[in-house]
Amino acid sequence: MAGDSYLVHVLPGMLVLSVGNGLGLPVMATAAVDGTTEDDAGLGSALFTSVQQIGGAIGVAALAIMGYSSGLTAGAICMAFGAVLIVALLPPQANSPRQPADMEAAAEASR
């Protein structure tokens, strides 16, 4: 169509997606390997990546089955629901940055 253009229809969504991925994926990857030992960190990272890829494929397939407009509506509802869950379920954080367990043990030993 003559009215279709990249700048109007594609670029805004790609900018939102790139900012969201840039802010969210490093945090999720860190959370995925946070409780693992050094020996198991690679396994935790691989599991995170596998779940991310499989979840994305299943999500896209489910939204595609619904059709274009219904899929977009369902995707927006899922994103809003996820945002509400994140805000509701995240525990309040202390103002000071968290230290790894081995650094805390070293600090206790030096006192």
Side-chain angles (χ1 to χ4, degrees):
M1 292 183 157
D4 292 341
S5 75
Y6 173 81
L7 290 175
V8 174
H9 297 293
V10 178
L11 185 61
M14 295 300 288
L15 290 174
V16 169
L17 182 66
S18 61
V19 169
N21 281 340
L23 293 174
L25 287 176
V27 174
M28 289 188 295
T30 301
V33 298
D34 186 41
T36 61
T37 63
E38 279 188 40
D39 295 336
D40 291 335
L43 179 63
S45 177
L47 182 64
F48 165 71
T49 303
S50 298
V51 169
Q52 177 190 15
Q53 295 297 316
I54 292 169
I58 291 171
V60 167
L63 293 176
I65 289 171
M66 293 179 194
Y68 184 73
S69 63
S70 298
L72 287 177
T73 302
I77 291 170
C78 287
M79 285 178 48
F81 182 68
V84 169
L85 278 178
I86 288 171
V87 170
L89 297 177
L90 276 179
Q93 299 293 320
N95 290 336
S96 63
R98 199 176 86 196
Q99 293 184 356
D102 57 345
M103 289 181 72
E104 290 174 2
E108 288 294 324
S110 66
R111 290 183 190 168

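Count residues from 1 along the sequence. Because the structure is predicted, anything quoted here is derived from the model rather than measured.
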With sequence neighbours left out, write down each residue that passes side chain to side chain contact (heavy atoms under 4.5 Å, CB included) with Val10, or none if nothing qualifies.
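Only Tyr6, Met14 meet the side chain to side chain contact (heavy atoms under 4.5 Å, CB included) criterion with Val10.
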
Sequence neighbours left out, what passes side chain to side chain contact (heavy atoms under 4.5 Å, CB included) with Phe81? Give chain and number order.
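Side chain to side chain contact (heavy atoms under 4.5 Å, CB included) check on Phe81 returns Leu85.
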
Without swapping roles, check the side chain of Thr49 against the backbone of Ala46 for a donor-acceptor pair under 3.5 Å.
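Absent.
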
Indicate the atoms forming the closest heavy-atom contact of Ala32 with Gly44, along with that distance.
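Closest approach of Ala32 to Gly44, heavy atoms only: CB-O, 4.4 Å.
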
Which atom of Asn21 lies closest to which atom of Pro26, heavy atoms considered
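Result for this residue pair: O-CD, 3.6 Å.
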
Expected list for residues 62-69: side-chain donor-acceptor pairs under 3.5 angstrom, two or more places apart:
none

Can you tell which of Leu23, Val16, Leu15 makes a side-chain contact (heavy atoms from CB on, under 4.5 Å) with Val19?
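Going through the options one by one, the only one that passes is Leu23.
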
Cluster companions of [X] among Ile, Leu, Val, Met, Phe, Trp, Tyr (side-chain spacing under 4.5 Å):
| X | answer |
| --- | --- |
| Met28 | Leu25, Phe48 |
| Val87 | none |
| Val27 | none |

